[in-house]
Asker: 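Please read through the structure below; I'll follow up with questions.
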Amino acid sequence: MTALRLHRELTRIWASEPGWKGWFTTVNHNDLGRMFIVASIVFFVIGGVLAMLIRAQLASPRSAFMAPETYAQVFTMHGTIMMFLFAIPLIEGVAVYLLPKMLGTRDLAFPRLTAYGFWCYVLGGSLLILSLLLGIAPDSGWFMYPPLSSTLGSPGINSDFWLLGITFVEISAISAAVEITVTILRYRAPGMSLDRMPVYAWYILVVAVMILTGFPPMILGSILLELERAFGMPFFQVENGGDSLLWQHLFWLFGHPEVYIIFLPAAAVISTILPVMARTTLLGYGWVVAAAVSLGVLSFGIWVHHMFTTGIPHMGLAFFSAASTLVAVPTAVQIFAWIGTLWKGRPELHLPMLWILAFFATFVIGGLTGVMVAVVPFDWQVHDTHFVVAHLHYVLVGGFVFPMLAALYYWLPHVTGRRRFFKLGETAFWLIMVGFHITFLAVHWAGLLGQRRRTHTYDEGQGWEIINLIASIGGFVTAIGFALVILDIVVNAAVAVRGSRDPWQAGTLEWAMPTPPAAYNFASLPEIRSRDPLRDDPALPVRIARGEGWLGDASRGRRESLTVATATGEPAQVVVLPGNTGLPLLMAVTTGGIFVGMLLKLYWLVPLAALGVATLAARWAWGLGATRDEGPVEGRPGLVLALASESVDPPGWWGSLFLLLADATLLGSLLFGYAFLWTVAPNWPPPTWAEPGLLAPSLALVGAALSVTGIQLADLRLRQERGPWLGFLLGLAGSVALALAAGMVLLGTDPTAHAYNATLWVLGGFVVLHAGLAGLMTLYLTCRYAAGFVTGRRIGEARIVRLWTDYAAGTGLLALAAAWLPGAVA
Amino acid sequence: MLLGGATLIFLFVMVLLALAMRRRDAPGQASGERVWIVGLGLAFPLTVLAALLAYGLVVGERLLPRPGPGVVDVGAEGRQWDWHFTYADAPGRMTEGVLHIPAGRPVDVAITSADVIHSFWVPRLAGKLDAIPGHVNVLRIEAWVPGDYAGVSSEYNGPGYTGHDFTVRAHDEAAWADFLAGEAP
């Protein structure tokens, strides 16, 4: 087959629907990556306009431009939008677009999940923007400390928009993290062992796992605060056994890893681009990977440094102060590895390199002021002043936005297939660089002079007027610079001349394809033997296009990709990926019903929408698999591989595993919160402990045992090609019993009485939800078996249900034990 | 001192970067992983940070409230948007917006809140400490000379935040005795 014929065949199979309909039904990472990036830039512009409003307000003393209430909404939304609607989605978008190409595969592991995440993000983000337009936006600061953000300080709907909108958006972060993890571990080009993986993939793997373990505490915090606001469960109200400090712990348990979740993708970009710009390879690949991993781990140990002024005991402060300064070490390893790489090579000063230099100058300052803030006595002075504002802007703009601009200019030729022709970018670079530093050097200074953050105005005569005016002028120069960047991108994407395939002479696989890329990425999947396959073999793109690699045969007429063994990169399975569908959008809209129902207090809508989600999820999964065995298929001439749907560990099993990791972190955070309230909150112990009795615990034990043995029996019988009915029935009965036992906890307690009772209620609710899920999955599996989808060879779905059932039983017993133990002991 | 050290490190990194960017005829091979990563990446920050941390802990320890002779106990309760101050030496006495203390003696301020989270900050006397509902945090302050010291809330607490300030008034010995005796200061 010639390259052109193969291209036509594959395009027919992989193309999105033509016209406007394609936007809503596409599941392809090429489309969705670009949609993610464009949406995040739109939110960036909105956040930027808010920043300009802030600088306009502060430009002169006693400004009457905004009332304090308006100003509160503006600074809250500026932070919220930049963190949750710009930075994280941009990271996801870049990873969605690039990862499959760098790893040498055709798409992400779960294409429909990518689309679902995107729509959740856009819908949740729109909810927040709507609140801003209506003038009822969140107004308690972007970290939403209760009691100010709870019913006491914000009786209106403002905080609900934040709690529900952001949680809705976080669905996209979790789903992206799940599929990125599975993609990196399983979907790579044959032969790409872990140590041949592009350094970008290593970084993003660390980031994805951090999202899975860092976001759940905040998601839990948002759920608890919303439960307090909506139903009066007093998690953060001190009179009834709550504690507002619990929120701070949950929030910063997320919030500090978040800083590295944002920084590491930027470091990934630098580690990828900088060696190419220096015409060499990265110095100390292993060291850099180790630094990324240790940053990921350390960042979970330092959340308390946002709480140095809350009265934490001094020994505790010493520990967290040490940990906070320690993160400077892996950061330094990376910085010096990059400078060493520049020494090793011959750096060329293209625009992406300029942005990387801007990163160095800015980020090093931000890092050093960060070390200062980690010194406790210093922090006691500058905490909540403009010094901290300037510090975090140096870190986030210098450490994230500038590298992302480097990435934008570096991969722009890949996305558009054009060479940059109009040179507005250089002018924009200088405007932003100069404007940014003027602004935030001035803001540092104002902070040292004692100007507090979040004050809507200030009086004359404190020596702040000139500084603030300078900062505002710098801010507007920066904004003009960003506008110019956007103009530059649009003009160059639309009308610049066609460029060559690999304009930077890079060595990674994303350049081994024609640009702009075809929907299927690679006409055949190359065999990888080094870290820079393209540099070692310049003829690689031609061989890929001719179909000389794996899966270079489109005759089966479906979207096929390949999974590999995690460590070695040996080819393992052929995966059939789903095609275009509007299901993800429909599912996201239905999911939105849950959040809108909560927001508008239309509580009848919530269970209705949840039922809709469950139905759609069943419909979603039903479309996979087959009712007949196909047997091994040809991966390349003469070599056969099993189909993923006929394996014991299909991608869905791996995806479930990592989703459950996030879920377990959520439960862990809940148990942490329980222990925290018990030991720290003032009004403990509660007036009465809940008595477990004998019935409910026995029911829980029997239920857990039944559900585990039931699904195990079904698994065994299926493998022996014998009827699994008894196993299904036992499993179902077990799940129902477990849910009933947890239901008795819910009925036996008044969640508004005390934070203890409220916690019991959430623990019980967690068990009911998971036992219910396990039960529904068993029912679904029964139907699938009856319809002929599940057999001894096509066992994957049974294994997935088994994983969920075991998890529900294990966490169910743990959660119920935590709920009952104090009452049983007392 | 912090600022000077930070500037030196910043200049050092920038010089390395500038040297790297200048074009050379042959790519340098001499400097490998050992110099860059083990030397500059690991050893250098570890040394600086260990020194810094020790300094921070020693200073922090000195700022801690320790029981001692002559310590005056007062209470500060933040609320939207006001401060109430109470005095252990004058039970029943409550002042709004002005905290009276004796000059030249260590004062322990027991800080708490009646509603949302606030923060007690008198920049010239000490760092800040949060006022959290249900918790009492103790901050040691000491004013060397009599006079008024400006104080502000420094944790965003709602629309009245900007104007949420107070004064610490340090008295000499005689005036302090008068205050405790209930006479207008």
Side-chain angles (χ1 to χ4, degrees), chain A residues 68-69 72 140-141 145 147-148 152-153 238 243-245 280 283-284 287 309-311 314 317-318 321-322 325-326 328-329 332-333 335-337 339-340 342-347 357 360-361 364-365 368-369 371-372 375-378 380-381 383-385 450 452 454-457 681-683, chain B residues 2-3 6 9-10 13-14 16-17 19-21 23-24 27-29 31-33 35-37 40-42 44-46 49 52-53 55-57 59-61 63-64 80 111 115-117 119 121 123 126-130 132-135 137-138 152-162:
Chain A
E69 292 81 4
S140 325
Y145 281 176
L148 185 64
L152 176 69
V238 73
D243 194 336
S244 58
L245 278 180
T280 180
L283 177 82
W287 283 99
T309 63
T310 57
H314 196 237
L317 289 188
S321 186
T325 46
L326 207 57
V329 176
V333 167
I335 298 263
F336 287 112
I339 298 181
L342 290 178
W343 278 71
K344 187 160 83 100
R346 294 144 89 49
L357 291 177
F360 274 108
V364 171
I365 295 179
L368 289 168
T369 51
V371 171
M372 294 185 195
V375 176
V376 176
F378 187 75
W380 281 342
Q381 277 299 347
H383 192 88
D384 270 305
T385 67
R452 292 172 294 157
R454 298 179 173 176
T455 46
H456 73 283
T457 188
N683 291 317
Chain B
L2 275 176
L3 200 63
I9 295 175
F10 173 70
V13 174
M14 287 304 112
L16 283 181
L17 197 61
L19 287 179
M21 287 307 292
R23 284 171 176 280
R24 273 158 291 125
Q29 287 298 328
S31 43
E33 293 186 11
V35 177
W36 286 107
I37 291 171
L40 288 168
L42 288 175
F44 169 60
L46 275 174
L49 294 175
L52 194 61
L53 187 68
Y55 165 77
L57 288 183
V59 174
E61 200 72 23
L63 294 176
L64 280 188
Q80 285 176 326
I111 301 163
D115 41 41
V116 304
I117 296 175
S119 196
W121 187 32
K128 65 204 61 174
L129 202 57
D130 288 357
I132 299 167
H135 292 266
N137 288 325
V138 178
V152 283
S153 281
S154 64
E155 180 69 54
Y156 182 72
N157 58 16
Y161 177 57
T162 303

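Convention: sequence-line order gives letters A, B, ...; per-chain numbering from 1.
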Asker: Answer with side chain, backbone, both or neither: which region of A:V238 has an atom nearer than 4.5 Å to a non-hydrogen atom of chain B?
Answerer: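 When you check distances to chain B, only side chain atoms of A:V238 fall under 4.5 Å.
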Asker: Relative to chain B, which of A:P682, A:G450, A:P147, A:P68 shows the most heavy atom pairs under 4.5 Å?
Answerer: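 Winner by heavy-atom pair count: A:P147.
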Asker: Look up atom NE2 in B:H135 and atom CG in A:L245, then write down how far apart they are to the nearest 0.5 Å.
Answerer: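 The CG atom of A:L245 is 4.5 Å from NE2 of B:H135, to the nearest 0.5 Å.
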Asker: So for A:F360, is it side chain, backbone, both, or neither that comes closer than 4.5 Å to the heavy atoms of chain B?
Answerer: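 Answer is both: backbone and side chain atoms of A:F360 are under 4.5 Å from chain B.
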Asker: Sort out for me which of B:L17, B:L46, B:V13, B:I9 touches chain A most, counting heavy-atom pairs under 4.5 Å.
Answerer: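 That would be B:L17.
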Asker: I'd like to check the side chain to side chain contact (heavy atoms under 4.5 Å, CB included) partners of B:L49; sequence neighbours left out, ordered by chain and number.
Answerer: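 Side chain to side chain contact (heavy atoms under 4.5 Å, CB included) check on B:L49 returns A:T325, A:A328, A:V329, A:V371, B:P45.
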Asker: Give me the atom names and distance for the closest heavy-atom approach of B:Y156 to A:A72.
Answerer: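 So the minimum-distance heavy-atom pair works out to OH-CB, 3.0 Å.
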Asker: How long is the straight-line distance from CH2 of A:W343 back to CG of B:L19, given to the nearest 0.5 Å?
Answerer: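 Output value for this atom pair is 4.5 Å.
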Asker: Measure distances from A:L148 to the heavy atoms of chain B and classify the residue's part below 4.5 Å as side chain, backbone, both or neither.
Answerer: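 Both parts, heavy atoms under 4.5 Å.
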Asker: Locate the shortest heavy-atom distance separating B:P159 from A:E69; write the atom from each residue and the value.
Answerer: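 Scanning both residues, the minimum pair turns out to be CB-OE2, 3.6 Å.
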Asker: Ignoring hydrogens, what is the shortest heavy-atom contact between B:I37 and A:G284? Give both atom names and the distance.
Answerer: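 Distance-wise, the nearest heavy atoms are CD1-CA, 3.9 Å.
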Asker: Nearest 0.5 Å, what's the CG-CG distance between B:D130 and A:D384?
Answerer: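 Taking CG in B:D130 and CG in A:D384, the distance rounds to 7.5 Å.
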Asker: Determine, step by step, whether A:Y145 and B:V116 satisfy the side-chain contact (heavy atoms from CB on, under 4.5 Å) criterion, reporting the C-alpha distance in whole Å, the side-chain angles of both residues, the deciding distance to 0.1 Å, and the verdict.
Answerer: CA-CA 9 Å; A:Y145 281 176; B:V116 304; over 6 Å; no
Asker: Could you go step by step and tell me if A:R452 and B:Y161 meet the side-chain contact (heavy atoms from CB on, under 4.5 Å) rule?
Answerer: CA-CA 10 Å; A:R452 292 172 294 157; B:Y161 177 57; 3.6 Å; yes
Asker: Apply side-chain contact (heavy atoms from CB on, under 4.5 Å) to residues B:K128 and A:T385 and explain how you reach the verdict.
Answerer: CA-CA 11 Å; B:K128 65 204 61 174; A:T385 67; 3.8 Å; yes
Asker: Atom CE in B:M21, atom CD1 in A:I339: separation rounded to 0.5 Å?
Answerer: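 Result: 11.5 Å between the selected atoms.
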Asker: Got a sec, which residues hit side chain to side chain contact (heavy atoms under 4.5 Å, CB included) with B:N137, two or more places apart in sequence or on another chain?
Answerer: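 B:N137 satisfies side chain to side chain contact (heavy atoms under 4.5 Å, CB included) with B:L129, B:I132 once adjacent residues are dropped.
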Asker: If you count heavy-atom pairs within less than 4.5 Å of chain B, which of A:N683, A:T280, A:I365 leads?
Answerer: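 Heavy-atom pair counts peak at A:I365.
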Asker: Non-hydrogen atoms of chain B under 4.5 Å away: do they reach the side chain of A:D243, the backbone, both or neither?
Answerer: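 Just the side chain, heavy atoms under 4.5 Å.
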